[in-house]
Amino acid sequence: MPDQEKQVREIMIDVFEFPHVPYWFTLRQVSGILKKSIRGGKCLRPPAALVFDEKYNLLGHLDVQDILQNIGNATLAGEKARQDIFSSSDTETAHVLSELSEKPVSSFLHQSSLFADPEDLVSKAAELMLRNSLPILPVLENQKKLVGIVRSTEIFEYLSAAFFRA
């Protein structure tokens, strides 16, 4: 570890760098927002949208992997073969995907229950993320205000620089 360990505030990404959506947006709407973000080159990795309630409280996040997993689960339910997932001739699959796309994002999100504080040491955030397999960790100021996000990318960069110094 470095002589002086950094605080989370020094490595976090500003909250406004991530797409924000209300919980009532549909899976189709969020998918469109993430696609625009990816195509526009402004997408942070992992591609994710933060989901908020009507009072702008963070409920959780949804990432591209979640969307793909839900598509797979919906279309592979029962005895469907994998090759049917993207078959345009399969009207049953198309119907299932259409129904899925209109469900609210709140049905699919990862609820946020673990948070870092901007003053926390990076090692504490890293431990939380690793123990709970979190790709992103919200950062709350005074346990209330969302101010940023720590991604596994920042944790990796920080730890690899600390452990593998040349």
Side-chain angles (χ1 to χ4, degrees), residues 1-74 100-101 103-166:
M1 284 301 201
D3 298 332
Q4 185 67 21
E5 187 175 352
K6 288 186 177 183
Q7 293 179 321
V8 167
R9 77 169 58 259
E10 297 175 72
I11 68 162
M12 72 182 191
I13 301 295
D14 187 88
V15 66
F16 294 107
E17 302 247 350
F18 273 85
H20 295 65
V21 298
Y23 71 94
W24 61 82
F25 264 33
T26 65
L27 194 58
R28 179 186 309 272
Q29 289 172 303
V30 174
S31 294
I33 290 167
L34 290 176
K35 281 194 282 189
K36 273 185 181 177
S37 178
I38 291 167
R39 289 183 185 147
K42 294 185 177 184
C43 181
L44 295 173
R45 301 284 182 217
L50 302 175
V51 182
F52 292 87
D53 68 12
E54 61 279 342
K55 293 182 180 177
Y56 213 66
N57 296 310
L58 179 67
L59 297 176
H61 75 277
L62 183 76
D63 60 37
V64 171
Q65 187 66 33
D66 298 322
I67 294 170
L68 292 173
Q69 190 168 22
N70 280 288
I71 290 170
N73 290 344
L100 180 71
S101 72
K103 288 188 177 184
V105 70
S106 58
S107 303
F108 308 103
L109 63 81
H110 289 284
Q111 291 185 337
S112 294
S113 59
L114 298 172
F115 306 94
D117 184 276
E119 306 300 319
D120 286 344
L121 295 178
V122 172
S123 58
K124 180 178 178 184
E127 183 178 350
L128 268 175
M129 294 176 75
L130 292 170
R131 285 186 189 264
N132 296 284
S133 301
L134 300 173
I136 65 174
L137 180 65
V139 181
L140 296 182
E141 193 171 70
N142 300 321
Q143 298 181 348
K144 292 181 185 172
K145 182 182 177 188
L146 180 67
V147 293
I149 300 291
V150 175
R151 304 173 300 164
S152 54
T153 304
E154 283 79 39
I155 297 294
F156 174 76
E157 288 174 358
Y158 175 77
L159 293 177
S160 65
F163 289 122
F164 306 116
R165 283 189 245 186

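Here, residue 1 is the first one in the sequence, and each next residue gets the next number.
The two residues Val105 and Pro22 come nearest to each other via the heavy atoms CG1-O, 3.7 Å. Nearest heavy atom pair, residue Ala126 against residue Ile155, reads CB-CG2, 3.6 Å. A pairwise comparison of heavy atoms in Glu154 and Ile11 identifies CG-O, 3.1 Å as the closest pair. Shown here for Leu140 and Pro118, the closest heavy-atom pair between the two residues is O-CD, 3.2 Å. Looking at every heavy atom in both residues, Met129 comes nearest to Arg151 through CE-C, 3.6 Å. Pairing each heavy atom of Val51 with each of Leu109, the nearest pair is CG1-CD2, 3.5 Å.
Although no hydrogens or angles enter the test, the distance criterion places no donor-acceptor pair under 3.5 Å between the side chain of Asn142 and the main chain of Lys144.
With sequence neighbours excluded, the residues that form a ring pair (Phe, Tyr, Trp, His ring centres under 6.0 Å) with His110 are His61. Partners of Glu157 according to the salt bridge (charged side-chain N to carboxylate O under 4.0 Å, His left out) rule, which considers only residues two or more places apart in sequence or in another chain, do not exist here. Residues forming a side chain to side chain contact (heavy atoms under 4.5 Å, CB included) with Lys55 (at least two apart in sequence, or on another chain): Asp53, Asn57. The salt bridge (charged side-chain N to carboxylate O under 4.0 Å, His left out) search around Glu141 returns none, not counting sequence neighbours. Scanning for side-chain hydrogen bond (donor to acceptor under 3.5 Å, both in side chains) contacts around Ser101 gives Arg28, with sequence neighbours left out. Scored by the side-chain hydrogen bond (donor to acceptor under 3.5 Å, both in side chains) test, Ser107 finds no partners at all (sequence neighbours excluded). Leu58 meets the side chain to side chain contact (heavy atoms under 4.5 Å, CB included) test with Leu50, Phe52, Ser112, Phe115, Pro138, Leu146; sequence neighbours excluded. Remark: Glu54 pairs with Tyr23 by the side-chain hydrogen bond (donor to acceptor under 3.5 Å, both in side chains) rule, at least two apart or across chains. Looking at residues two or more places apart in sequence or on another chain, you find a side chain to side chain contact (heavy atoms under 4.5 Å, CB included) between Asn132 and Leu114, Leu128, Leu134.
In the displayed structure, Gln111 atom CD is contacted under 6.0 Å by at most 12 heavy atoms of other residues, nucleotides or ligands.
The salt bridge (Lys or Arg N to Asp or Glu O under 4.0 Å) pairs that include a residue from residues 103-113 number zero, where partners must be two or more places apart or lie in different chains. Note on residues 120-129: pairs passing salt bridge (Lys or Arg N to Asp or Glu O under 4.0 Å), not counting sequence neighbours, are Asp120-Lys124, Glu127-Arg131.
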*Would you sort out whether Phe108 and Val30 count as a side chain to side chain contact (heavy atoms under 4.5 Å, CB included), showing the intermediate values?*
CA-CA 11 Å; Phe108 308 103; Val30 174; over 6 Å; no
*Val8 vs Asp117, side chain to side chain contact (heavy atoms under 4.5 Å, CB included): CA-CA, chis, key distance, verdict*: CA-CA 7 Å; Val8 167; Asp117 184 276; over 6 Å; no
*Taking it one step at a time, do Leu27 and Leu62 satisfy side chain to side chain contact (heavy atoms under 4.5 Å, CB included)?*
CA-CA 10 Å; Leu27 194 58; Leu62 183 76; 3.8 Å; yes
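At a threshold of 4.5 Å between non-hydrogen side-chain atoms, the residues Tyr158 and Glu10 do not count as touching.
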